[in-house]
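To start, the structure itself, in structure tokens.
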Amino acid sequence: MARTVRLILGDQLNPEHSWFGRVDPSVTYALMEVRSETDYVVHHAQKVIAVFAGMRRLAQQLRKAGHAVRYFRIGDDDNLQNFGDNLRTVFRETGAERFEWQEPDEWRLDRDLRAFGQDCGLPSACVSSEHFLDARGGVAAHFQKDAKRWLMESYYRVMRVRTRLLMDADGAPLGGKWNFDHDNRKPWKGEPPAPKPWDVTHDHSALWEEVRAAGVKTMGSPSAQDFPWPVDRQEALAQLKAFITRGLPDFGDYEDAMHTSSDRLFHSRLSFALNVKLLSPLEVARAAAEAHARNPSRHPIAATEGFVRQIIGWREYVRGVYWAKMPAYASANGLGHSLPLPAWFWTGKVRMNCMRHSVGQSLETAYAHHIQRLMVIGSFCLTAGVDPAEVERWYLGVYIDAFQWVELPNVIGMSQHADGGFLASKPYCCAASYVSKMSDYCSGCAYDPKDRTGPLACPLNALYWDFWLRHQDRFLNNPRIGMAVRQAANMKPAEKAAVKKKAAELRAGMDDL
Ligand code: FAD
Ligand code: SF4
């Protein structure tokens, strides 16, 4: 075979990729920690550590198996800090005659690597990352080209049939329903006890020192000595097994619940392992379906279906939306929002308990579960009217699992409704009543969840009602949200004026909430 250089990106850590099936002395695998990736957004410290540690572990495993590996550490003198220049170094060192790379998941990298492949002077080829269940264009192919919105549920059903997950022998969905979301809405009051964290911890202080010495700007706590994220496949499989045994049984019931005593409750925290491809979506969804088949009373259908839907439905679907809509999707701002993010998004120092807890936890742990992301942090930004591009940059930086193909549609589409309702048929937002029902955040908060416009009224209330008033014309005829808009529209003029005044004051003083 021609002397070949194969590039492995930081989110392509699957040691079971067919590339590695046999040792070929003509192939060199190139992995590189580069500033072009650490600096395009300010990432959480744990994300930088986790990706680099995962890359180093994979390089070690490949070398041990006999593969040739060229590795650039972030602080190496000969590291030119971008893929193109480093690849040219490896081409020279190895006398490369061919270049190959795996399909990247980010639009930016896809564009850059294709351009590099054309200009590098070698025959080149992009191969599949062998990770996703569907092709990049699979979601787009499922929907009518001119459809105003793509409903995830219809795509999800096709994926259930295709994967045969949770289907009976006659091809009907197990339990008689496709979707058990309706059953998954309980608040959590301390029972059943939240399972013990199933993280594998290691010490990454030395790596963190290298990152710091290289001058990489990060946000949040590195937690380097007690690092909780899996960095190889064995660790990720252990995390999956622990979740299936301990978390999945109650995942459904408490999927939407939030509590100050647990940052994850029954959520899996598998998103990092999935997104860097230490785990495949099919094996994760299968593990859940098989647990249900083995013991349906311990792993009820509602919990199992809810979990499987996130993986084979939402995860594949948002990826399809990303590839269909980029690059325009990144700058969508359908509601015309323009406020800057408050400064406390980088410190967590805010009096609103729900925000302090959710933002603070995100900065401390690089993790928040879906409802914290959607109904607390995202809802605040949406109702306050924060510029969706600013919101997007923050989410892309702060979360351990934030890679643009999955983060961007969730923020721009699902959370900020900036795509005109293409992805989500209604804006996801709430007032204090929802937070108070689904969490314990409101007890002990400096603000009053029941008050709308008084001096200590919960800020979410005025912002929520003002949001519907501001966008009344757009949403009044939407059957999924008509009630909230109509309620806002039917407020007495004095009430409307008070809400608008309060919301304007809140917006003017966002940094001081
Ligand atoms: P669990 O609740 O245990 O769910 C299991 C798995 O399902 C997750 O690991 C994830 O792979 C998948 N999943 C669940 N919901 C979604 C979804 N809406 N889209 C895609 N996959 C999903 N997820 C990311 O992986 N990266 C992101 O950057 C990201 N940003 C988000 C931003 C916003 C505003 C919102 C509302 C959601 C975002 N999500 C993102 C989706 C979801 O919140 C996270 O996947 C989830 O919280 C990760 O925690 P978990 O592994 O404990 O998930
Ligand atoms: Fe959040 Fe308002 Fe409840 Fe305080 S009262 S925790 S600000 S919802």
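Numbering of ligands and ligand atoms starts at 1, following listing order.
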Should the pair His267 and His369 be assigned to parallel (<30°), tilted (30 to 60°) or perpendicular (>60°) ring geometry?
parallel

Residue that, paired with Asp466, satisfies salt bridge (charged side-chain N to carboxylate O under 4.0 Å, His left out) out of Arg507, Arg452, Lys501:
Arg507

Ring center gap for Trp178 and Tyr156 short of 6.0 angstrom
no

Among the protein atoms near atom 1 (Fe) of ligand 2, how many are N, O or S and lie under 2.8 Å away?
1

Distance under 6.0 Å and angle within 45° of the ring axis: does Arg269 meet both against Phe243?
no

Are the aromatic ring centres of His44 and Tyr399 under 6.0 angstrom apart?
no

Neighbour count above 12 (heavy atom, 6.0 Å) for Arg246 CZ
yes

What do you reckon, is NZ of Lys177 surrounded by more than 12 foreign heavy atoms closer than 6.0 Å?
yes

Identify whether the distance between the nearest side-chain nitrogen and carboxylate oxygen of Arg111 and Glu106 falls below 4.0 Å.
no

Over 12 non-hydrogen atoms of neighbours within 6.0 angstrom of CZ in Arg164
no

Show the protein residues that qualify under the rule heavy atom under 4.0 Å from an atom of ligand 1, listing them in chain and number order.
Phe251, His267, Ser268, Arg269, Leu270, Ser271, Leu274, Asn275, Phe307, Gln310, Ile311, Trp314, Arg315, Val318, Tyr367, Ala368, His369, His370, Arg373, Leu374, Tyr395, Asp401, Ala402, Val406, Glu407, Asn410, Val411, Met414, Ser415

